[in-house]
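Worksheet: the structure to be examined is printed underneath.
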Amino acid sequence: MEIYNTLTKKKEEFKPVNPPNVGIYVCGPTVYDFFHIGNARSFVMADIMQRYLRYKGYKVKFVMNLTDVDDKIIKKANEEDVEASVIAERFTNAFFEDIEKLKIKKADVYPKATGHIKEILELIKKLEINGIAYNTGGDVFYDVHKFKEYGKLSGKKLDDLEAGARVEVNDKKHNPLDFALWKSAKEGEPHWSSPWGEGRPGWHIECSAMSMKHLGETFDIHAGGHDLIFPHHENEIAQSEGVSHKPFVKYWVHFGFLNIKNEKMSKSLGNFFTARDVIKRFSAETIRLLFSQAHYASPLNFSDELLTSAQKGLEKITNFVQTINNKLDKAEPDGNYPEFIIQTYYDKFEQAMDDDFNSPKAVAVIFDLIKNVNKILSEDEQWGSNFYEDILDFLNSTAEAVLGIIQEPVSASESTNETVDKLLDLLVQIRTKAKKEKLYEFADQIREKLSELGFTLVDTKDGTEIKK
RNA sequence: GGCGACGUAGCCAAGUGGCUUAAGGCGAAGGUCUGCAAAACCUUUAUUCGUCGGUUCGAAUCCGACCGUCGCCUCCA
């Protein structure tokens with residue numbers, strides 16, 4: 001398979017450092033607030049990537065960090081007059097609640113910055129020994145001029161950066177582009193002791209420390225939003241390679257923004273919806289289908305109109321799954337098999353996903369299958385159960401296991417009980433009789449009232465079906 | 001100012017030199033089925049890929065100019 005690598009600016013054959021193991025590190029949230037639906041896009045697409053790599057048989061170690069010490073957390077803590085850890089814990093919990101609702105698989109490790117102070121200090125010490133970091137009165141900075149390859153990820157040149165520097169002036173820095181590895185403690189901030197005095201880590205160093213600790217000095221995939229390319233990921237490379245003198249990451253993957261009216265959704269612009277609010281109105285599957293229908297690296301406009309359109313698409317999938325399940329219930333094990341080769345759909349699905357996780361194409365394969373199978377079903381012939389099983393197996397291993405877009409049928413025990421089922425059956429029987437006697441108004445009334453209660457009656461050739 | 005990305009039907013979106021006289025989803029129009037619905041099926045919905053030039057036997061796909069949109073260069077997924 002091929003993956004587009006930001007570092008080389010082209011698609012490259014994916015060759016893990018140590019197959020079949022694959023190490024993935026994704027920049028996770030700073031836990032100072034609920035994450036918005038734009039953040040959710042990155043998390044969902046990273047989830048689909050790791051699910052697909054597992055589908056391919058790789059042994060994936062998926063690491064997502066939680067930044068739990070940072071200016072914004074401290075600011076909020078001071079506003080509420082609580083410890084920073086209180087804020088961090090609150091939004092860490094919220095983060096886990098929200099990703100679960102989005103059907104995002106748990107990472108193997110969720111390292112926290114505050115849990116890796118020792119590793120962070122080790123790294124800074126080594127950078128200091130290598131002459132790359134300098135200490136000015138308790139603040140330690142990275143000297144970007146000491147790393148020859150600085151700018152290789154973002155394609156920026158130091159001269160250009162300096163020319164357009166909008167970085168705030170800081171007398172302590174040798175160069176405006178130097179960045180903080182360690183910040184000396186200020187009043188009302190969490191702090192740890194270090195060789196340079198009390199302080200806290202800079203933002204970039206935690207990711208170098210935690211990714212190398214959990215995945216080694218060179219690992220396979222490092223992913224994050226497009227806005228992290230510079231300076232965050234650029235700095236991570238400088239820090240990590242400045243110590244290890246080895247390539248830090250083989251494949252850099254960056255997610256396109258979720259836009260609102262063509263503008264990047266962001267907290268600072270204020271044009272955002274929290275993921276939790278969107279999940280209240282649309283299902284995880286709808287959101288995941290919407291994201292899957294665009295390539296992960298392209299910008300995607302977000303609107304209710306698009307969500308509704310995805311919801312309609314999802315209904316098509318859900319109806320189909322229900323139809324196949326109903327057919328399977330009535331099918332004979334040794335029935336006929338239609339002229340249909342399921343393998344071609346697996347092949348096409350894999351071809352699509354192998355091409356830099358082309359999920360829109362993969363989704364198209366799934367819709368193609370639905371259309372073609374529906375066509376076969378409309379021929380009104382009975383097929384053997386292995387046909388329906390093949391279809392369900394395909395959907396489970398692709399649409400669900402990789403993309404996560406198959407809705408769980410509401411289990412009978414949750415929504416109803418046996419008595420309700422019997423009463424429903426009774427009503428359906430009465431309605432069927434009414435229909436036979438052409439009492440259509442009465443029959444429609446039953447259908448309407450039940451629909452209001454959440455039960456949809458559908459008349460088919462084989463009788464009336466109840467959808468809950 | 002520097003660097004970069006993008007512009008495909010009413011909307012979203014694949015396709016990056018011949019397999020495509022452009023996938024898939026949503027929407028719209030007509031039809032089949034049905035007592036009616038719903039679902040499903042069939043047909044129609046871009047001779048054309050921002051504009052203008054160029055390269056090529058051949059371009060949405062390569063090159064150039066122009067127009068437009070967005071992003072990064074400060075925290076941001």
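Here the straight-line distance linking atom CG of A/L314 with atom OG1 of A/T286 works out to 4.5 Å at 0.5 Å rounding.
Here A/Y440 lies parallel enough and close enough to stack on the base of B/rG35, with planes under 30° and ring centres under 5.5 Å apart.
On the C1' atoms, B/rC6 is 43 Å away from B/rU32, given to the nearest whole Å. A gap of 29 Å separates the C1' atoms of B/rG31 and B/rU20, to the nearest Å. To the nearest whole angstrom, the two C1' atoms, one in B/rG7 and one in B/rC49, are 10 Å apart. With both ends at atom C1', the span from B/rU45 to B/rG71 equals 35 Å, rounded to whole Å.
No hydrogens or angles were tested; on distance alone, a donor-acceptor pair under 3.5 Å links the side chain of A/D459 to the base of B/rC36. You won't find any donor-acceptor pair under 3.5 Å spanning the side chain of A/D227 and the base of B/rG71, going by distance alone. Counting distance only, with no hydrogens placed and no angle test, the side-chain atoms of A/K156 and the base atoms of B/rC72 include a donor-acceptor pair under 3.5 Å.
Taking only side-chain nitrogens and oxygens, A/N262 never comes nearer than 4.0 Å to OP1 or OP2 of B/rG7. Taking only side-chain nitrogens and oxygens, A/N374 comes nearer than 4.0 Å to OP1 or OP2 of B/rC41. Note on A/K348: every side-chain N or O is 4.0 Å or more away from OP1 and OP2 of B/rA23. Contact between the side-chain N/O atoms of A/K312 and the OP1/OP2 oxygens of B/rG27 is found at a separation under 4.0 Å. Within the structure, every side-chain polar atom (N or O) of A/T67 is placed at least 4.0 Å from both OP1 and OP2 of B/rC75. Dashed line: the shortest gap from a side-chain N or O of A/K375 to OP1 or OP2 of B/rC42 is under 4.0 Å. Residue A/K316 has a polar side-chain atom (N or O) positioned under 4.0 Å from OP1 or OP2 of B/rG25.
Ring to ring, A/F95 and A/F34 are not that close: their centroids are 6.0 angstrom or more apart. Between A/F179 and A/H204, the distance from one ring center to the other falls under 6.0 angstrom. Taking the six-membered ring wherever Trp is involved, the centroid distance between the rings of A/H116 and A/H214 falls below 6.0 Å.
If you check every strand for non-hydrogen atoms under 4.0 Å, A/G155 touches sugar and phosphate atoms only.
For A/F367, counting side-chain heavy atoms from C-beta on, the closest listed nucleotide (B/rC36, B/rG2, B/rG24) is B/rG24.
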**OP:** Begin with the C-alpha distance, continue with both residues' side-chain angles, and end with the deciding distance and a verdict on side-chain hydrogen bond (donor to acceptor under 3.5 Å, both in side chains) for A/T67 and A/N65.
**Re:** CA-CA 6 Å; A/T67 300; A/N65 72 295; 3.3 Å; yes
